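These numbers come from a predicted model, not from an experiment.
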Protein chains: 2
Amino acid sequence: MQYSAEALIAPHFVRSPEGLVVSPNERALLRLIWRNPGISRSEITGHIDLTQQSVYRIVDQLTARGIIALGAPKPGHGRGQPSPTLRLDGKHAYACGISANTDVVGICLMDLSGRILGEASIALRELSMAEALDEVKIALAQLEQRAGLDRRAFFGIGFAIAGYHVGGTRYNAPLPLHEWSLIELGPLLSEYFDRPVWVHNGANTGTIAESMFGVGRHVRHFAYLSFNYGFGGGLISDGELLVGGNGNAGEFSGIFDVEESKRRPALQYLIERLNQNGVEVPSISYMRKNFDRNWPGVTEWVEEVTPAYNRMINAVRAVVDPQAIVFGGQVPADLAQMLIDRTRIFDRPRYGVHRPSPKFIISEIATDASAMGAAVVPFKSAFY
Amino acid sequence: MQYSAEALIAPHFVRSPEGLVVSPNERALLRLIWRNPGISRSEITGHIDLTQQSVYRIVDQLTARGIIALGAPKPGHGRGQPSPTLRLDGKHAYACGISANTDVVGICLMDLSGRILGEASIALRELSMAEALDEVKIALAQLEQRAGLDRRAFFGIGFAIAGYHVGGTRYNAPLPLHEWSLIELGPLLSEYFDRPVWVHNGANTGTIAESMFGVGRHVRHFAYLSFNYGFGGGLISDGELLVGGNGNAGEFSGIFDVEESKRRPALQYLIERLNQNGVEVPSISYMRKNFDRNWPGVTEWVEEVTPAYNRMINAVRAVVDPQAIVFGGQVPADLAQMLIDRTRIFDRPRYGVHRPSPKFIISEIATDASAMGAAVVPFKSAFY
DNA sequence: CTTATGTTACACGCAAAGTGTAATTAATCC
DNA sequence: GGATTAATTACACTTTGCGTGTAACATAAG
């Protein structure tokens with residue numbers, strides 16, 4: 001039997017005999033509220049193809065289940081009976097995002113409304129998988145206690161791992177995560193944490209974070225570049241993550257041949273270069289916080305990676321034609337801007353008209369996008 | 001108001017007050033019958049999440065409307081009451097695919113079951129758009145008469161044009177199609193032909209043809225390479241065409257910079273080369289029929305385009321990770337094989353495990369894939 | 001300031017559509 | 001002829017749209 005996180009959802013969250021948490025119309029409504037928190041009930045009809053009566057009923061049922069909360073009406077909203085405002089009720093459920101990177105495991109606790117309830121990280125050092133998971137469990141319990149959470153509201157876990165998909169819930173991760181590689185993570189983790197676990201690639205959960213909290217609120221088609229120790233990314237098409245035929249869509253590093261691969265924009269190379277030049281940069285997160293474009297070697301490195309970078313940008317544009325390309329992962333905003341300034345689109349106009357080009361946007365997600373995205377995955381899969 | 005082909009569908013095809021031709025469950029059923037013509041009614045339940053009774057009812061209604069036809073039961077199918085076989089009823093509707101290329105306009109007449117009822121082509125030479133359309137209309141009428149069709153069954157038109165999408169139903173096509181460029185083709189053509197017209201890029205309709213008649217019957221994620229005078233393509237993700245943020249997903253030529261663009265695998269360059277070498281190749285369709293890999297210059301040209309070709313293949317693989325890459329358009333099978341033989345995937349294994357790679361498949365669609373795909377578009381949009 | 005009027009949305013009941021469950025009937029195999 | 005499988009038919013349940021009366025508020029007349 002194929003592992004399925006959906007089948008493990010606790011019964012008190014489930015609505016119908018088919019095991020669904022919400023119906024399609026309910027999902028559409030919850031999505032709308034996600035994108036417009038505090039929208040009034042009466043405004044819903046204008047955005048969704050449902051009558052006022054149906055909206056009333058669905059809202060009524062979702063309120064009764066504690067999934068959405070009614071708020072005071074907006075004042076001064078014209079005449080007529082005032083309509084209550086709607087929000088997702090964070091108290092109904094919370095989820096945990098776990099992001100396994102080469103150096104660190106990030107943890108993000110989030111409620112149904114998208115509020116971050118707590119964050120933590122565990123340095124991997126030489127920890128075995130079992131030891132690391134034990135530490136995650138302890139950290140999770142601490143976060144839960146500090147936030148005063150009721151365990152019954154613990155909906156599930158989103159697990160992100162650096163590396164490519166091999167099949168099922170098996171991934172092939174870089175060396176420090178050797179022990180985490182090529183095994184069925186879904187059954188293992190859901191057994192260990194006693195909750196359904198959704199497993200994804202780390203760059204893809206970063207992409208999901210961007211789609212739920214960042215530019216995805218306004219843009220339906222975009223590519224997300226995840227600059228980390230390595231370099232990957234993800235694609236959002238029509239608001240949904242594109243997984244591809246083998247679950248590895250957005251692994252942009254595959255564009256480069258062996259030679260060019262050394263000049264790809266992975267932050268490991270920049271850190272090496274900086275350390276060679278006498279700039280003490282102990283970690284990627286340190287670099288992100290303290291980045292200075294005048295550090296010796298920065299401009300040089302950027303110039304070196306620019307050809308490979310531009311090839312990648314043009315490949316993404318040609319293949320999937322996104323409306324935007326988002327610079328994310330752990331890239332310092334200033335470094336992203338340097339790349340954007342050097343972007344060249346290979347395009348010749350016809351009749352003076354260019355092919356529409358993507359906008360280049362620097363992600364505004366400050367925390368661990370990968371863990372944050374992992375935390376929404378359970379909700380996105382079941383609620384909205 | 002935005003142009004919409006759906007809104008122009010003749011009332012006698014429409015089912016519900018919302019203007020839909022079939023309900024979602026009916027669509028699922030029709031798709032299943034499309035992929036398995038002659039499936040027995042009792043087998044349906046195993047493939048779709050519907051009870052035998054619901055299947056009976058839906059089949060009953062679709063039969064009453066003349067959309068599907070019941071056939072004699074398969075003999076020797078075990079005990080129990082024999083179950084009738086199901087097919088799409090071609091008589092219910094036919095559609096016309098029109099593919100405007102730089103040199104020729106292809107026409108394809110197709111019925112609801114996917115059977116080709118007739119084909120024609122019109123050389124463009126120096127024809128104005130109005131003259132070309134008049135000729136198309138005449139050719140269409142001839143094909144209709146020859147096939148003995150009832151005009152009431154004429155469902156709509158799929159129109160394909162070489163060039164990139166600019167917005168709405170406007171495209172930017174190469175010079176011979178200057179007059180067809182940057183205008184709203186949808187309203188213009190639907191007015192002229194008095195039927196709803198769905199407008200797409202030509203490489204994309206070729207992709208749709210492959211998804212409906214070719215490898216798409218077995219593969220849910222694939223990239224389609226359309227080798228024509230120019231070079232383009234399209235993407236199928238989870239069985240559906242990926243359009244991208246501006247409607248230009250799959251315009252693979254955009255991968256190449258100005259310099260490399262001259263060594264991209266567009267057949268115009270091969271023909272030039274062959275003619276220089278004294279091989280008389282008057283047209284692409286001639287080359288397709290009579291291709292000989294031993295013609296002077298063929299191997300040379302293939303070697304020259306191989307680097308750009310491999311970059312493109314790896315870019316497609318990295319970005320969208322398809323299960324298969326299909327060689328289509330008007331490429332001679334032998335030429336496609338020469339490229340496949342030279343394919344190199346930029347991938348280093350980790351723990352001895354490679355990232356899953358796409359299969360390379362030569363399209364088996366012999367006729368004008370672009371017009372053929374254009375012809376199914378109306379049906380795909382409304383029925384399955 | 002009070003009151004009448006118009007507007008907007010709430011909230012309830014009912015009908016229609018579509019699906020699942022259950023029971024009966026029909027055709028075929030062993 | 002009994003077993004088996006699927007075709008039919010009947011009925012219940014869910015979800016949605018429609019109709020309608022009511023509640024709350026804005027505005028302007030008095």
Open item on the list: Going 5' to 3' along DNA chain C, which are the first and last nucleotides with any atom under 4.0 Å from a heavy atom of chain B?
Closed with: C:dG18 to C:dC30
Open item on the list: For a quick check, with a 4.0 angstrom heavy-atom cut-off, what is the B/S/- contact string for nucleotides 8-17 of chain D, read 5' to 3'?
Closed with: BB-----SBB
Open item on the list: Just by distance, no angles: are the side chains of B:Ser113 and B:Asp111 close enough, under 3.5 Å, to form a donor-acceptor pair?
Closed with: yes
Open item on the list: Angle between ring planes, B:Phe155 versus B:Trp198, binned at 30° and 60°: parallel, tilted or perpendicular?
Closed with: parallel
Open item on the list: Between A:Gln61 and A:Ile58 (side chain of the first, backbone of the second, donor and acceptor by atom type, cut-off under 3.5 Å), is there such a pair?
Closed with: no
Open item on the list: For B:Glu6 and B:Ser381, which I'm curious about, is there any donor-acceptor pair between the side chains at under 3.5 Å?
Closed with: yes
TODO: Determine the contact category for A:Pro84: base if any of its heavy atoms lies under 4.0 Å from a base atom, sugar-phosphate if only primed atoms, P, OP1 or OP2 are that close, otherwise nothing.
DONE: sugar-phosphate
- [ ] For the pair A:Phe383 and A:His92, name the ring-plane relationship: parallel under 30°, tilted 30 to 60°, perpendicular over 60°.
- [x] perpendicular
Task: Distance-only polar pair, side chains of A:Glu43 and A:Ser40, donor-acceptor under 3.5 Å - done: yes
Open item on the list: Salt bridge or not between A:Glu240 and A:Lys380? Use side-chain N to carboxylate O under 4.0 Å.
Closed with: yes
Task: Side-chain H-bond candidate by donor/acceptor type, A:Gln52 with A:Thr45, under 3.5 Å - done: no
